[in-house]
There are 2 protein chains.
Amino acid sequence: MTAEDNPDACPIVRSIEQIGSQWRLVVLHDLREEEKRFNELKRSTGASSRTLSRVLDDLQEMGFVSRRLEEDAPVATFYTLTDKGESLCPVFDEIETWADEWLAPETEPEAEPATAD
Amino acid sequence: MTAEDNPDACPIVRSIEQIGSQWRLVVLHDLREEEKRFNELKRSTGASSRTLSRVLDDLQEMGFVSRRLEEDAPVATFYTLTDKGESLCPVFDEIETWADEWLAPETEPEAEPATAD
DNA sequence: CGCAGGTAGTTCCGTTTCGATACCCAGTTT
DNA sequence: AAACTGGGTATCGAAACGGAACTACCTGCG
């Protein structure tokens, strides 16, 4: 396995194959807010140039992210979510909800989270 | 980064650090339906013994999965989602919804998915 | 009984992928 | 001109992964 495109697998497994990697998810999440530049992403995600470069290539290839080159003054590149990328927002929202319950910054519950029972 | 527990990161990034890996997600997803045995998971996920073993260890350590050893007849191990593991269901549901729209088995839309507008 | 076959892994090993660092080139500021 | 920023690529060691073999135990089956 570990193939990027395994038609045999059920849709959810294929989704996971595409988006189930730390950096891809982190980068996608980071681009939700607004389009960003390479070094901006590098700083905000903490990924190394090499890794970020690869991840952005992958995400572009898969159609989640698009690259915009601004040739005006000092050439600048911007990365944006495509429609396909944007379409992942609900997934991130769900992860966020989960995180709020299970990974609250101050309290890290080991058992059931005490969410106003 | 790539640390399993980075308190500085925002909750969603910390979530991604925990669950953002192909095998972890695939195994968790596979356990949604019902508790499963080691070799059952091995077959259904396609992971190697080595990988599956590691992933299950990780998931247990993080409290997503619990191991039940049935010593009765021929010793059998069962892996189940904990409450924490179950709590990820909405995330998988969301991924499933996304997959339906963007990774439909027969049609792989490159542009906007035609979901009965 | 003895051997094939299943379960639940672990060990070993080769390959692939990862990530940090260094480096590169262009433009810009000083 | 030197130093800095932006956007990467080249390199190389480390970690992850996959597969096959091996262990140890149990279960049929002839």
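These values consider heavy atoms only, across backbone and side chains, with no hydrogens, waters or symmetry-generated copies. All values derive from a computational prediction rather than experimental measurement. Order of the sequence lines sets the chain letters (A, B, ...), proteins ahead of strands, with each chain counted from 1.
Atom CZ in B/Phe78 sits about 12 Å away from atom C1' in C/dA8, given to the nearest Å. Regarding B/Leu52, its CG atom lies at a distance of 10 Å from the P atom of C/dA8, rounded to whole Å. Atom pair B/Asp57:CG and D/dC17:P shows a separation of 13 Å (rounding to whole Å applied). Counting to the nearest Å, the C1' atom of D/dC25 and the CD atom of B/Glu70 are 16 Å from each other. Residue B/Leu41 contributes atom CG, which lies 13 Å from atom C1' of C/dG9 at whole-angstrom precision. Distance CG (B/Leu69) to P (D/dC26): 12 Å, rounded to an integer number of Å. Regarding B/Arg24, its CZ atom lies at a distance of 14 Å from the C1' atom of D/dC17, rounded to whole Å. Distance, A/Lys42 NZ to C/dA20 P: 9 Å, rounded to whole Å.
Between B/Ser48 and D/dC17, a side-chain N or O to OP1/OP2 separation shorter than 4.0 Å is absent. Between D/dG7 and A/Thr77, a contact under 4.0 Å exists linking OP1 or OP2 to a side-chain N or O. In terms of phosphate contacts, B/Thr51 brings no side-chain nitrogen or oxygen within less than 4.0 Å of OP1 or OP2 of D/dC17. One finds no side-chain N or O of A/Asn39 lying less than 4.0 angstrom from the OP1 or OP2 phosphate oxygen of D/dT5. For B/Tyr79 and C/dT7, the shortest distance from a side-chain N or O to OP1 or OP2 is not below 4.0 Å. At least one side-chain nitrogen or oxygen of A/Arg43 sits closer than 4.0 Å to the OP1 or OP2 atom of D/dG6. Side-chain nitrogen and oxygen atoms of B/Trp23 include none within less than 4.0 Å of the OP1 or OP2 phosphate oxygen of D/dA16. OP1 and OP2 of C/dA8 both lie 4.0 Å or more from every side-chain N or O belonging to B/Ser49.
The shortest distance between side-chain heavy atoms of B/Ser21 and A/Gln22 falls below 4.5 Å.
B/Arg24 places no side-chain N or O within 3.5 Å of a backbone atom of B/Leu59 that could act as its donor or acceptor partner. A donor-acceptor pair is defined here as one N or O able to donate and one able to accept, closer than 3.5 Å; no such pair exists between the side chain of B/Glu94 and the backbone of B/Pro90. Checked by atom type and distance alone, the side chain of B/Thr82 pairs as donor or acceptor with a backbone atom of B/Gly63 at under 3.5 Å.
When each of B/Lys36, B/Glu35, B/Arg67 is tested with B/Tyr79 by the rule side-chain contact (heavy atoms from CB on, under 4.5 Å), just one qualifies, namely B/Arg67.
A donor and an acceptor atom sit less than 3.5 Å apart, one in the side chain of A/Arg54 and one in the base of C/dG19.
Taking the side chain of A/Ala76 as heavy atoms from C-beta on, and the options C/dG9, D/dG7, D/dG18, the nearest nucleotide is D/dG7. Side-chain proximity of B/Arg67 to D/dG18, D/dG8, C/dG9: nearest is C/dG9.
Position along DNA chain C of the nearest nucleotide to B/Arg50 versus B/Arg37 favours B/Arg37 as the more 5'-ward residue.
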